[in-house]
**Student:** 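Right, I'll just put the structure down here and ask away after.
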Amino acid sequence: MTELHLFNSKTRQKEKFQPLVPSRVGMYVCGPTVYGEPHLGHARSTVSFDIVFRYLQYCGYKVRYVRNITDVGHLENDADEGEDKIAKKARLEALEPMEIVQQYTIEYHNRMRELNSLPPSIEPTASGHIIEQINIVKKILANGYAYEKNGSVYFDVLKYAKDFPYGELSGKKLEDMLEGTRDLDGQTEKNNNVDFALWKKAKPEHIMQWESPWSKGFPGWHLECTAMSTKYLGDRFDLHCGGMDLQFPHHEAEIAQNNGSCGHEPCNYWMHNNMLTINGQKMGKSLGNFITLRQLFSGDHELLQQAYHPGTVRFFMLQAHYRSTLDFSNEALQAAEKGLNRLMKAVELLSKMKPENENSRDFNFADFKSRCTSAMNDDFNTPILISQLFEGAKFIQNLNSGKAGMEKEEFENFKNFFEEMTFDVLGLIPIQNNTDTNDETVEGLMELIINLRLRAKQSKDFDTADAIRNQLTRMGIEIRDSKEGTTWDKNIPQQ
RNA sequence: GGUCGCGUGGCCGAGUGGUUAGGCAGAGGUCUGCAAAACCUUGUACAGCAGUUCGAAUCUGCUCGCGACCUCCA
């Protein structure tokens, strides 16, 4: 594909991407609820749409990437009479709600930076946009798609569904939902079970609450994204992204709120990343089987055989398509780690190579480039791009060993493109090897040791040479002999 | 129960109506004093059954198995 196509969850098909304003893209991603440590699922979502952000920029678009921080407003559940998730956690830990929010926001930022995900252009918080949310409730009320009860405001789904299609995004039929629902405690205020809260009146002991025309309370689950996407991207923008589990009810509600407040849908394209599974089962908070990123990077979890470098985790995720489920396992991550190392060694080699001015043999750069961009144009198919990079890595090796040749100018183009794909588009990062210790003493000692071993080898004293090598291996230092000399790497010790 | 999706070789994971995905692991080889690294070659495949077709793993139907959403979740 020569033009970017993406899978629109709304229409369930791949569509050519055409932004509302030429050369500019407005992109909204549903960010994390900061009431717990960031886990593998956050990583998958953030990395998936980091790729979208990066590739759109590669394609020359100027992108405004808005990703919210949910620091208020998600209810624990209906039966809980609207207790705020963050407030609940705060009470348990005897902390201020904003203290929790601060802590986990920082954690999230740190982990995402380690994964080499770019920060969004704007990262608004729900608590900072209460006024905007209240204004949207007012509009929806004025348009007649909501009703007030005892200080709370609910979205009237049945009335709304007479004027707009409801359930298109998630493929749900309202009749089915009406049949399937059952009465739960705490839903008595709603006219109908399919209705959802726009504003909830807070109990006096509820910690996070704000003044509103209806009550002291807090905004409903879905309102913040409508408010913040509208404020920063307009009431109609290009791309709305998030995890597949948000498709219903969250995104369906957003569509309803947008229609209900301004008469049209919020965006032209919906993108949803698939879930991450552990032993074939979805990783989820309620299932208690989630692995935090801190645990993953340190190896401190019973399911983990070792620590995994953030670069490995990123690469692991990009080896699967964002719309497929991805099953976590030690074997898969270890395979990814080795593969990434191989790729990174090839890129490093590429950066040091001096191009010969000879005829290009056995490699067609134009074809290669086209295969790479076609893959990305086809709904951000990173696994295919990576497979192409491995083909490129093979060629780099052949070029280095003289088995292949390349004309100088084409080599420069190839090199630039390869690095662009690897670092700018995929955002891959090398797994640190500690050759660059910045420690002159260590460098000097290593040089000394390698020279001593070389001398032993030259005098055919292989016992000594091997003893040196074995001892270094035990210390985690890998020795490699080649015609150009001996190099060394210190492997990261794995827990 | 309703809606949707998936089932690919030892493992992970793309793709496709007829032509090698790729990675990891395995086997053989080149290189090396021996290794390591790198490179080359290579086996194993599309859940089952039936149908459409010149041809299906790819389309259709059924069966089996698995999962997701319908409740907070990335």
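Order of the sequence lines fixes the chain letters, A, B, ..., with proteins taken first and strands second; residue numbering starts at 1 for each chain.
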**Student:** Using a cut-off of less than 4.0 Å, is there contact between a side-chain N or O of A:S324 and OP1 or OP2 of B:rA14?
**Tutor:** yes
**Student:** With a 4.0 Å cut-off, would you call A:R314 and A:D50 a salt bridge?
**Tutor:** yes
**Student:** Between A:H42 and A:N398, who's closer to the 5' end of RNA chain B by nearest nucleotide?
**Tutor:** A:N398
**Student:** Check this for me: does any side-chain nitrogen of one of A:R111 and A:E114 sit under 4.0 Å from a carboxylate oxygen of the other?
**Tutor:** yes
**Student:** Using heavy-atom distances to pick each residue's nearest nucleotide on RNA chain B, tell me which of A:S329 and A:M244 is more 5'.
**Tutor:** A:S329
**Student:** When you check the side-chain N and O atoms of A:N274 and A:T325, is any donor under 3.5 Å from an acceptor?
**Tutor:** no
**Student:** For a quick check of understanding: with a heavy-atom distance under 4.0 Å over all strands, which category does A:S387 fall into, base, sugar-phosphate or nothing?
**Tutor:** base
**Student:** Applying a 4.0 Å non-hydrogen cut-off, can you work out what A:H272 is touching in the nucleic acid: base, sugar-phosphate, or nothing?
**Tutor:** nothing
**Student:** Establish, with yes or no, whether the OP1 or OP2 oxygen of B:rC39 is under 4.0 angstrom from a side-chain nitrogen or oxygen of A:K394.
**Tutor:** no
**Student:** Indicate whether A:F390 forms a stack on B:rG22; treat it as stacked only if centroid distance is below 5.5 angstrom and interplanar angle below 30 degrees.
**Tutor:** no
**Student:** Centre-to-centre under 6.0 Å for A:H222 and A:F196, is that the case here?
**Tutor:** yes
**Student:** Tabulate below the donor-acceptor pairs under 3.5 Å that side-chain atoms of residues 383-400 of chain A make, not counting sequence neighbours, or state none.
**Tutor:**
residue : atom : partner : partner atom : Å
A:S387  : OG   : A:I384  : O            : 2.8
A:Q388  : OE1  : A:R371  : NE           : 2.9

**Student:** Check whether any side-chain N or O of A:T33 sits under 4.0 Å from OP1 or OP2 of B:rA74, and answer yes or no.
**Tutor:** yes
**Student:** Of all the nucleotides listed (B:rA21, B:rC24, B:rA37), which has the minimum atom distance to the side chain of A:A335?
**Tutor:** B:rC24
**Student:** Spell out, as yes or no, whether a donor-acceptor pair under 3.5 Å connects the side chain of A:S170 to the backbone of A:Q247.
**Tutor:** no
**Student:** Between which residue ranges does RNA chain B form stems of three or more consecutive Watson-Crick or G-U wobble pairs, both distances under 3.5 Å?
**Tutor:** B:1-7 with B:64-70, B:10-12 with B:22-24, B:26-30 with B:38-42, B:47-51 with B:59-63
**Student:** Where does the angle between the aromatic ring planes of A:Y160 and A:F164 fall among parallel (under 30°), tilted (30 to 60°) and perpendicular (over 60°)?
**Tutor:** parallel
**Student:** Distance criterion of 3.5 Å, no angle test: do you see the side chain of A:R323 paired donor-to-acceptor with the base of B:rC6?
**Tutor:** no
**Student:** Quick one: label A:G41 by what it contacts on the DNA or RNA (base, sugar-phosphate, nothing), any heavy atom closer than 4.0 Å.
**Tutor:** base
**Student:** Within the structure shown, what part of the strands sits under 4.0 Å from A:L276 by heavy-atom distance: base, sugar-phosphate, or nothing?
**Tutor:** base
**Student:** Roughly, in whole Å, what's the span from CG in A:D327 to C1' in B:rG10?
**Tutor:** 16 Å
**Student:** Would you say the ring centroid of A:F414 lies under 6.0 angstrom from that of A:F363?
**Tutor:** yes
**Student:** Under 4.0 Å, counting only non-hydrogen atoms across every strand here, what does A:F462 touch: a base, just sugar-phosphate, or nothing?
**Tutor:** base
**Student:** What's A:K282 touching, base or sugar-phosphate or nothing? Going by heavy atoms closer than 4.0 Å.
**Tutor:** base
**Student:** Using a cut-off of 4.0 Å on non-hydrogen atoms, how would the nucleic acid contact of A:R111 be classed: base, sugar-phosphate, or nothing?
**Tutor:** nothing
**Student:** Check whether any side-chain N or O of A:N381 sits under 4.0 Å from OP1 or OP2 of B:rG15, and answer yes or no.
**Tutor:** yes
**Student:** Students often get this wrong, so: under 4.0 angstrom with heavy atoms, is A:E391 touching a base, only sugar-phosphate, or nothing?
**Tutor:** sugar-phosphate
**Student:** Is the phosphate of B:rG23 approached by A:R342 (side-chain N or O, under 4.0 Å from OP1 or OP2)?
**Tutor:** yes
